[in-house]
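Notes for the one structure printed next.
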Amino acid sequence: MREYALVFLVAAAVTYLLTVVAREIALRTGAVAEVRDRDVHAEPIPYLGGLAMLGGLVAAYVVARELPFLSTSGPFVFHDAGIVLIAGALICAVGVLDDLFELDALTKLGGQVLAAGFLIVFGIQYVFFPVPDGSQFSLDVSQGALLTVLVVVATVNAVNFVDGLDGLAAGVVGIGAAAFFVFCYQLANLNGVSLATTGALLSASLAGACAGFLPHNVHPARLVMGDSGSMLIGLVLSASALTLTGQFSGPELSQGAGGATASLVPTLLPLLLPVSLLIVPMVDLTLAVVRRTRAGRSPFAPDKQHLHHRLLEIGHSQRRAVFIMWLWAGLVAFGTVLISLYTGPWVWISLALMATVTVAMTFLLPVIHRPQLPGPEV
């Protein structure tokens, strides 16, 4: 655990420092987010935060290779993590081009599929799904490849869609990565297998990169991640879940605390995890597609009706709207992990309490703390 904590801190520190460099590059190259009708910014803000986050991920990977415990793990751990980082660099490059030259949606989609295809070529894809009786449901190569592309592209675009308020995307993905780290670490610990897994390494690094970026990105932001960052962290998060199907056997994935099958959730978690951890942006993405297609517009056509816009409309400030969406992301992410690993009434009581607090803060805070309107002039 201490080495994973060090990996987290290295990713956070390097990302924090490189963000200053990325901001300077953005200003010099003209990669600046102009104020648009759907934005909540009042002035232009530099892009290219993804470059700093990629630097933090790479630094964490390099340091992890030299640590006493992680360096002696199986060769697949660093091989798979390296492939994910190369795919991340590829999709980050596509995002940088978009931040600079405003690529069309089809070109960006092509870059996302290309990055997902790179993962598949090097064996990082869905292989099987365990079932509760301990057996496995295997996928052939084409089925696994198609499912992999769909999940990776959906996750990448979900993160991209939710990146509308300062600190929102970085916080949501950071929470999801932290929850996934807990799942990977506890899954290995409960089953008595190696605690060194690609999923744990990548998720600890990703959580650190998001944490290091947030001080520059919370409202009022000095830098935004842009497509270079949103697509990068979406790919790394989804790829982290992909590695589970190649590094745990069916019975291991199906076992919860005490060696008993906790529920059907763990058996499907390699497929459900990217969706469950990003349920908030996924819901936002689905609603946006339905809303735009019903209006006869392209699903990629921007508007100002995302979930974070609606939170602002009911009376939340920018920072509070972001915090509320962090709460919802944490509820779903850690709730899913809790159900996956443990059984018993305390699990459902904990989830009920978490849900009650989240709902109360979402709908009661705007009533209790209404924004003060200026009084009449005397």
Could you list the donor-acceptor pairs under 3.5 angstrom formed between side-chain atoms of residues 348-357 and any protein atom two or more places apart in sequence or on another chain?
| residue | atom | partner | partner atom | Å |
| --- | --- | --- | --- | --- |
| S350 | OG | W346 | O | 2.8 |
| T356 | OG1 | A352 | O | 2.8 |

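- Between the CG atom in N217 and the CG atom in D166 there is a gap of 6.0 Å [rounded to 0.5 Å].
- Residue pairs meeting the ring-ring contact (aromatic ring centres under 6.0 Å, His included) criterion with at least one member in residues 89-118, sequence neighbours excluded, are F118-F122.
- F323 and L168 fall within the same hydrophobic cluster, defined by Ile, Leu, Val, Met, Phe, Trp and Tyr side-chain heavy atoms under 4.5 Å apart, directly or through other members.
- L57 contributes atom CG, which lies 8.0 Å from atom CG of L202 (distance to the nearest 0.5 angstrom).
- The heavy-atom pair separating A211 from F8 by the smallest distance is CB-CZ, 3.9 Å.
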For L206 and F180: C-alpha separation, side-chain torsions, deciding distance, then whether side-chain contact (heavy atoms from CB on, under 4.5 Å) applies. CA-CA 10 Å; L206 180 58; F180 184 46; over 6 Å; no

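- Taking OG from S240 and CZ from F183, the interatomic distance works out to 12.5 Å, rounded to the nearest 0.5 Å.
- Both W326 and V182 sit in one connected hydrophobic cluster of ILVMFWY residues. Membership requires side-chain heavy atoms under 4.5 Å apart, directly or through other members.
- When side chains are defined from C-beta on, L70 counts as touching Y4, because their heavy atoms get closer than 4.5 Å.
- Side-chain contact check for C92 versus M231: every heavy-atom pair is 4.5 Å or farther apart.
- Formation of a donor-acceptor pair under 3.5 Å by the R23 side chain with backbone atoms of R222 is found in this model.
- A heavy-atom distance below 4.5 Å is found between the side chains of T29 and L100.
- Looking only at side-chain heavy atoms (C-beta outward), V322 and H219 stay at 4.5 Å or farther from each other.
- Side-chain N or O atoms of D80 include none that pairs as donor or acceptor with a backbone N or O of T198 at under 3.5 Å.
- Scanning both residues, S230 and N160, for their nearest heavy atoms gives OG-OD1, 3.3 Å.
- Hydrophobic clustering places L6 together with L201 (ILVMFWY residues linked when any side-chain heavy atoms are closer than 4.5 Å, directly or through intermediates).
- R28 is linked by a side-chain hydrogen bond (donor to acceptor under 3.5 Å, both in side chains) to E24, counting only residues two or more places apart in sequence or in another chain.
- For the atom pair L147 CG and S142 OG, the distance stands at 11.0 Å (nearest 0.5 Å).
- To the nearest 0.5 Å, atoms SG (C210) and CG (L237) are separated by 8.5 Å.
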Hey, mind stepping through V77 and T197 against side-chain contact (heavy atoms from CB on, under 4.5 Å) and telling me if it holds? CA-CA 6 Å; V77 172; T197 64; 5.6 Å; no

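- Between the Q125 side chain and the T148 main chain, no donor and acceptor come within less than 3.5 Å of each other.
- Between A115 and I91, the closest heavy-atom pair is CB-CB, 4.0 Å.
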Show me, pair by pair, the donor-acceptor contacts under 3.5 angstrom made by side chains of residues 103-114, not counting sequence neighbours?
| residue | atom | partner | partner atom | Å |
| --- | --- | --- | --- | --- |
| D104 | OD1 | L106 | N | 3.1 |
| D104 | OD1 | T107 | N | 3.0 |
| D104 | OD1 | T107 | OG1 | 3.1 |
| D104 | OD2 | T107 | OG1 | 2.8 |
| K108 | NZ | D227 | OD2 | 2.9 |
| Q112 | OE1 | N157 | ND2 | 2.8 |

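- For S228 and D99, the side-chain atoms include at least one donor-acceptor pair closer than 3.5 Å.
- For residues 48-64, the set of pairs meeting the side-chain hydrogen bond (donor to acceptor under 3.5 Å, both in side chains) definition, not counting sequence neighbours, comprises Y61-R65.
- F78 and L54 fall within a single hydrophobic cluster, where Ile, Leu, Val, Met, Phe, Trp and Tyr are joined by side-chain heavy atoms under 4.5 Å apart, directly or via other members.
- Linking Ile, Leu, Val, Met, Phe, Trp and Tyr whenever their side-chain heavy atoms come within less than 4.5 Å leaves L90 and V153 in two separate clusters.
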Apply side-chain contact (heavy atoms from CB on, under 4.5 Å) to the pair L235 and T155, showing each step before the final yes or no. CA-CA 7 Å; L235 180 136; T155 307; over 6 Å; no

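- Atom CD1 of I120 is separated from atom CG of L242 by 8.5 Å, given to the nearest 0.5 angstrom.
- In this structure, F181 has its ring center under 6.0 Å from that of Y185.
- What you find for A177 and S203 is that their closest heavy atoms are O-CB, 3.4 Å.
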Counting only pairs under 3.5 Å, give me each side-chain donor-acceptor contact of residues 11-20, with atom names and distances, residues two or more places apart or in other chains.
| residue | atom | partner | partner atom | Å |
| --- | --- | --- | --- | --- |
| T15 | OG1 | A11 | O | 2.7 |
| T19 | OG1 | T15 | O | 2.6 |

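- Between A60 and S205, the closest heavy-atom pair is CB-OG, 3.5 Å.
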Stepwise, does the side-chain contact (heavy atoms from CB on, under 4.5 Å) test hold for M361 with I324? CA-CA 7 Å; M361 296 192 71; I324 293 299; 3.8 Å; yes

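- Contact between A239 and L119 at its shortest, heavy atoms only, is CB-CD1, 4.0 Å.
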